[in-house]
Amino acid sequence: MPLKINNNLTRRIEEFVPIKTSEVGMYVCGITPYDETHLGHARAYVTFDIIRRYLEYSGYKVRHIQNITDIDDKIIKKSEILNPKSENTDPKVKCREVAERFTDSFFEVMDRMNVKRADIYPKATEHIPEMIKWIGGLMDKGFAYKLDDGVYFEVAKFKDYGKLSRRKTEDQQAGARVEVDAKKKDPLDFALWKFAKPGEPAWESPWGAGRPGWHIECSVMSTKYLGEQFDIHGGGLDLQFPHHENEISQTEALTGKVPWVKYWIHNGFVTINQQKMSKSLGNFFSLKDIFKKFDPMVVRLFLLSTHYRSPLNFSDAQLAESKEAYGKLQKAVENLNFLILKVPEAEAEVEVLETDDELDVYREKFRSAMDDDFNTAGAIGMIFELVHFINDHVKEEKIDKGSLEDDKRLLIELCEVLGLRLELTQDKKMDRYVSEVGLSNDEVEMQIKKREAARTNKDFALSDRIREDLKKNGIILEDTPFGTKWSRHA
RNA sequence: GGCGCGGUAGCCAAGUGGUAAGGCAGCUGUCUGCAAAACAGCAAUUCGGCGGUUCAAAUCCGCCCCGCGCCUCCA
């Protein structure tokens, strides 16, 4: 079954056919680093991480570019708040400090969420000469004009304006909520270059010192690293208009190559109490705060439990559900690890082969869910069906080590496509546990031996007490036909 | 005013014509010294409402109700 993608440009589910046979160029709109990364950002970047991972799983080589808007009004504003005003400090340096601080923080939380790094993270400030060249080109072609506060793109000159967001200029209530700049030829015209006010960071340009407008960087940097036409461009749904619409206008106006981008993908919002989580409403939760309560993998599972285009409502109760669900996945692996150590090799080759065939069914079901516009919710359902199969399989009398290893391999494989680590987090927990509480593996094993002796002597009061004491220290004991299994739960 | 998303069990959520995945919570049973985990079973006779098309509709069409988003910086 071929991969199908909901293309926001055509508003259709389309078969995915990249421009080059086996390589995919993907550009994702990145952050403006002026504040902590929040759950809404996480949803966007986890979504595109899944798209990238699944494309790679499907055999494509993916070139993933994600920009960092390291200069803009919000960063300037923040630099003035964070640094007490000082005439001696270079505004560019002040802005860079803000951008670097929050960029570092962004990478830290994304790494914890197991989001794969893009191939390149181009920064706006490092592409100023290219942007100036583009703006000059647009001026030469008659798509741009200069006012006393900047250079603007003239929307009326670009006949396809609105093709992504399905907006007609005349239908919009221009100035409904934001005052229209009377000097602009049309309220929809947008800045390509903004002239600097005193004290603002500025770069020289043929039109005057200033900084780039918001949209130009994405056109310039995406085409620089992916070519004048490429496969996928994505970001949050809130970027569709005006940001992506404007990007299309200026790019296609300049290059004349249509379509600039073949597939447009937008992820839905995270909401709180059914309202959009956003900086402007102030109802956002930073990932760092969420991680104080929930493991990053739990957050990831939570984000993937809804299709990427649907709204996703955030609440602690929902995350708590995801935590339980994630625990069930971990439990299955723990269980397999335990049994793999205890169970002998297969006697008959035949049984192993049968298991392989059965496992393939789950892989195929998983793939067909993912092929359907990256239906992670469906794919997770399939993973749980596999877990169910494994838990059932494990109870059979004739289980052998080889088929248990096959079970584990597939479970890990599918979770890995979704970026869900099952074992590593567990290891991290153990490290943390040992360093914080100081109960070593050997000490736990010793307690278990003591308890086993007590059970043999039918001293259940003692054995239960040992189990209780360990539980207070986060060690869970479970008795199985193969002996007592233990695990740590932070 | 324009454009768009959604309404499926107590909660979350897949499913776009063939008779309701999965997760969480709950109940019953099996297993266990007791637990835990797991497994088995129960739980929506039904998919916001009303009509229509069809042998067949959560899925297609029409109308209506409700929640939300974009049109402004935003992932």
Side-chain angles (χ1 to χ4, degrees), chain A residues 8 11 13 28-32 34-35 37-48 72-74 77 162 165-179 187-188 214 234-243 245 266-271 273-281 284 301-302 305-307 309-313 315 317-329 331-332 334-335 365 369 372 375-388 390-392 394-395 455 458-461 463-464 467-468 471 476-481 485 487:
Chain A
N8 243 351
R11 305 291 165 104
I13 306 260
V28 180
C29 281
I31 53 157
T32 301
Y34 73 102
D35 206 343
T37 305
H38 64 70
L39 190 60
H41 298 115
R43 185 169 196 205
Y45 302 120
V46 165
T47 294
F48 289 97
D72 95 317
D73 295 8
K74 296 185 291 290
K77 206 171 156 191
S165 55
R166 309 281 156 124
R167 278 159 218 272
K168 291 178 186 140
T169 313
E170 59 271 22
D171 287 341
Q172 296 202 58
Q173 286 187 321
R177 282 188 282 176
V178 167
E179 208 174 319
L188 285 173
W214 174 30
L237 191 56
D238 44 2
L239 296 180
Q240 184 180 44
F241 188 90
H243 185 51
E245 195 67 61
H266 295 102
N267 62 276
F269 299 125
V270 176
T271 59
N273 298 326
Q274 322 304 333
Q275 280 207 316
K276 183 188 170 189
M277 179 183 288
S278 71
K279 292 284 172 74
S280 44
L281 289 172
F284 63 92
L301 181 63
F302 167 70
S305 63
T306 301
H307 187 93
R309 281 187 284 112
S310 305
L312 173 63
N313 200 45
S315 71
Q318 281 317 119
L319 275 174
E321 282 190 11
S322 294
K323 182 180 177 179
E324 292 304 317
Y326 179 65
K328 190 167 178 171
L329 296 176
K331 189 104 196 158
E334 262 174 33
N335 209 6
K365 282 181 166 179
D372 182 14
N375 183 354
T376 52
I380 288 168
M382 293 314 128
I383 286 177
F384 278 102
E385 285 190 10
L386 170 64
V387 166
H388 198 264
I390 289 171
N391 286 338
D392 204 27
V394 145
K395 294 190 134 190
R455 290 180 75 206
K458 308 253 183 230
D459 185 354
F460 295 122
S463 80
D464 287 354
R467 188 168 61 192
E468 272 307 303
K471 192 176 175 185
I476 306 292
L477 298 192
E478 290 169 34
D479 298 324
T480 81
K485 181 161 88 74
S487 56

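Fair warning: this is a prediction, and the values are worked out from it, not measured in the lab. Here is how names work: the chains are called A, B, and so on, in the same order as the sequence lines, proteins then strands, and each is numbered from 1.
Salt bridge A:E245/A:R167: absent, no basic N to carboxylate O contact under 4.0 Å.
Within the nucleic acid shown, A:G268 comes within 4.0 Å of at least one base atom, counting heavy atoms only. Contact annotation for A:G40: base contact, defined as any heavy-atom pair under 4.0 Å involving a base atom. Across all strands shown, A:G381 has heavy atoms under 4.0 Å from base atoms, whether or not it also approaches the sugar-phosphate. Within 4.0 Å of A:V270, counting heavy atoms only, lies at least one base atom of the nucleic acid.
Across the protein-nucleic acid pair, A:F241 atom CZ and B:G2 atom C1' stand 11 Å apart, rounded to whole Å. When the P atom of B:C70 is taken as reference, atom CZ of A:R309 falls 18 Å away, rounded to whole Å. Taking atom CE of A:M277 as the reference point, atom P of B:G69 lies 14 Å away to the nearest angstrom. Atoms CE (A:M382) and C1' (B:G22) sit 7 Å apart, rounded to a whole Å. Put simply, CG on A:D238 is 12 Å from P on B:G69, counting in whole angstrom units. A:N8 places its CG atom 15 Å from the P atom of B:C70, with the value rounded to the nearest Å.
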Sugar-phosphate means primed atoms, P, OP1 and OP2; the rest is base. With that split, encode nucleotides 27-38 of chain B 5' to 3' as B, S or - using protein heavy atoms under 4.0 Å. ------BBBBSB
For nucleotides 8-20 of chain B, read 5' to 3', which letter fits each nucleotide if B means a protein heavy atom sits under 4.0 Å from the base, S means only the sugar-phosphate is that close, and - means neither? ---BSSSS-----
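Taking the P atoms as reference points, B:A44 lies 25 Å from B:A37, given to the whole Å. Spacing between B:A25 and B:G10 at atom C1', rounded to whole Å, works out to 8 Å.
Partner A:H266 forms a side chain to side chain contact (heavy atoms under 4.5 Å, CB included) with one of A:D238, A:L237, A:T47 and no other, that one being A:L237.
Both A:E385 and A:F269 lie close to RNA chain B; mapped to their nearest nucleotides by heavy-atom distance, the more 5′-ward contact belongs to A:E385.
Residues satisfying the salt bridge (charged side-chain N to carboxylate O under 4.0 Å, His left out) criterion with A:D479, sequence neighbours excluded, are A:R451, A:R455.
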